[in-house]
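Start at 1 with the first residue, then count along the sequence.
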Amino acid sequence: MDLMQKIVIWAIPVLFAITVHEASHGYAARALGDKTAESQGRLSLNPIRHIDPVGTLLVPAVLLALGGFLFGWAKPVPVNPYRFAHPRRDMALVAVAGPLSNFGMAIFWALLLKFSVVSASGAQSWQMLLSQMAAAGIVINLILMVLNLIPLPPLDGGRVLTGVVPEAVAQKLDRLERFGLLILLVLLMTGVLGTVLQPVLVWSQSVLLHALGVPVSLF
């Protein structure tokens, strides 16, 4: 499979995964009393409103071409925790909404993969394309779910951790946030991130496929 075919297959799942992830933060925040994302036009399923030229397009494309661990990000949805009734707790709930949305989308793509195989009447080109795209959707959403659950600010897992630890510890984690992305990039470039996350991703993918009755041989 050449690079252009890879981009065609992965583009929709990546944009869909990142868009729904960010929108989920905004919807959760609105439900808890903060309408900042809505007022700034970010409470939307339009990918254009969430795309970061570097994190959403350039970085994933380069990593896809190199065959490495797929990684990327979108423009963060603005959230004002001071509009919440319980700022720390509610911020944790807003944070976990993103990974949960990726889990839901992984289920969606897995069911679509199952449907594309069951409904196929031979090796049709549309069925092969749909199957490959669904497989890509499963992978990218599980990656985003697991990656974002790492307890490192500014990742969602870091914000969840900040919401459940004592105030003194939370303040130290807040100070770490400015270095979080740099730490993550170093772990990615040194291969540590892929080594740590790969077994978790393989396990979660296996559990999901078996639970939904999707043949693992399709991957």
Side-chain angles (χ1 to χ4, degrees), residues 7 10-64 70-109 133 136-164 170 173-174 176-185 188:
I7 291 176
W10 284 82
I12 291 177
V14 168
L15 288 176
F16 190 35
I18 291 176
T19 297
V20 176
H21 180 105
E22 291 302 326
S24 295
H25 288 313
Y27 283 114
R30 185 178 67 173
L32 292 168
D34 175 32
K35 297 184 178 181
T36 304
E38 184 177 29
S39 66
Q40 295 186 20
R42 296 295 306 282
L43 201 63
S44 170
L45 294 177
N46 181 356
I48 295 176
R49 297 185 181 274
H50 303 289
I51 287 176
D52 180 291
V54 175
T56 310
L57 303 177
L58 181 60
V59 171
V62 170
L63 292 177
L64 192 61
L70 197 62
F71 172 77
W73 62 88
K75 291 189 296 184
V77 165
V79 177
N80 184 354
Y82 296 105
R83 294 183 176 179
F84 296 143
H86 305 281
R88 291 180 58 212
R89 183 205 67 183
D90 292 350
M91 192 65 200
L93 292 174
V94 169
V96 81
L100 284 177
S101 74
N102 290 124
F103 179 65
M105 283 186 286
I107 294 175
F108 164 79
W109 285 113
M133 188 174 292
I138 295 170
V139 172
I140 186 59
N141 277 288
L142 290 180
I143 287 176
L144 287 178
M145 180 188 75
V146 173
L147 180 66
N148 275 285
L149 287 175
I150 295 175
L152 173 69
L155 296 177
D156 296 327
R159 299 194 186 282
V160 172
L161 181 62
T162 301
V164 299
L173 287 172
D174 287 339
L176 180 64
E177 182 169 343
R178 72 183 74 175
F179 307 108
L181 184 57
L182 178 60
I183 293 172
L184 199 63
L185 289 174
L188 174 65

Spacing of [X] atom [atom1] and [Y] atom [atom2] [to the nearest 0.5 Å]:
{"X": "N102", "Y": "I138", "atom1": "CG", "atom2": "CD1", "value": "13.5 Å"}
{"X": "H21", "Y": "L100", "atom1": "NE2", "atom2": "CG", "value": "10.0 Å"}
{"X": "L58", "Y": "D52", "atom1": "CG", "atom2": "CG", "value": "9.5 Å"}
{"X": "I107", "Y": "N141", "atom1": "CD1", "atom2": "CG", "value": "10.5 Å"}
{"X": "T56", "Y": "K75", "atom1": "OG1", "atom2": "NZ", "value": "9.0 Å"}

Nearest non-hydrogen partners of [X] and [Y], listed with the distance:
{"X": "S44", "Y": "A23", "answer": "O-CB, 3.5 Å"}
{"X": "G98", "Y": "D156", "answer": "CA-OD2, 4.3 Å"}
{"X": "L32", "Y": "L93", "answer": "CD1-CB, 4.0 Å"}
{"X": "A97", "Y": "A28", "answer": "CB-CB, 3.8 Å"}
{"X": "P99", "Y": "N148", "answer": "CG-CB, 4.0 Å"}
{"X": "A37", "Y": "G26", "answer": "CB-CA, 4.1 Å"}

TODO: Using side-chain hydrogen bond (donor to acceptor under 3.5 Å, both in side chains) as the criterion, list what pairs up with R49, not counting sequence neighbours.
DONE: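 In terms of side-chain hydrogen bond (donor to acceptor under 3.5 Å, both in side chains), with neighbours along the sequence ignored, R49 is linked to no residue.
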Task: Any residue meeting side-chain hydrogen bond (donor to acceptor under 3.5 Å, both in side chains) with R83, in chain and number order, not counting sequence neighbours - done: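 Only T36 meet the side-chain hydrogen bond (donor to acceptor under 3.5 Å, both in side chains) criterion with R83.
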Open item on the list: Around atom CD1 of I183, are there more than 12 heavy atoms from other residues, nucleotides or ligands closer than 6.0 Å?
Closed with: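 Yes.
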Open item on the list: How about CZ on F103, more than 12 heavy atoms from neighbouring residues, nucleotides or ligands closer than 6.0 Å, or not?
Closed with: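 Not more than 12 within 6.0 Å, no.
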[Y] backbone acceptor or donor facing [X] side chain under 3.5 Å:
{"X": "D34", "Y": "N80", "result": "yes"}
{"X": "E22", "Y": "V77", "result": "yes"}
{"X": "T19", "Y": "F16", "result": "no"}

TODO: List the steps, then state whether side chain to side chain contact (heavy atoms under 4.5 Å, CB included) holds for L152 with L176.
DONE: CA-CA 8 Å; L152 173 69; L176 180 64; 3.9 Å; yes
- [ ] Walk me through it: do I140 and W109 pass the test side chain to side chain contact (heavy atoms under 4.5 Å, CB included)?
- [x] CA-CA 10 Å; I140 186 59; W109 285 113; 5.8 Å; no
- [ ] Kindly indicate whether the side chain of E177, heavy atoms from C-beta on, has any atom under 4.5 Å from the side chain of R159.
- [x]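 In contact.
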Task: Residues which pass salt bridge (Lys or Arg N to Asp or Glu O under 4.0 Å) with R42, listed by chain and number, not counting sequence neighbours - done: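 Not a single residue meets the salt bridge (Lys or Arg N to Asp or Glu O under 4.0 Å) criterion with R42.
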- [ ] Test V79 against M91 for side chain to side chain contact (heavy atoms under 4.5 Å, CB included), laying out the working first.
- [x] CA-CA 8 Å; V79 177; M91 192 65 200; 3.8 Å; yes
TODO: Start with the C-alpha distance between L147 and L184, add both sets of side-chain angles, then the distance that settles side chain to side chain contact (heavy atoms under 4.5 Å, CB included), and finish with yes or no.
DONE: CA-CA 10 Å; L147 180 66; L184 199 63; 4.3 Å; yes
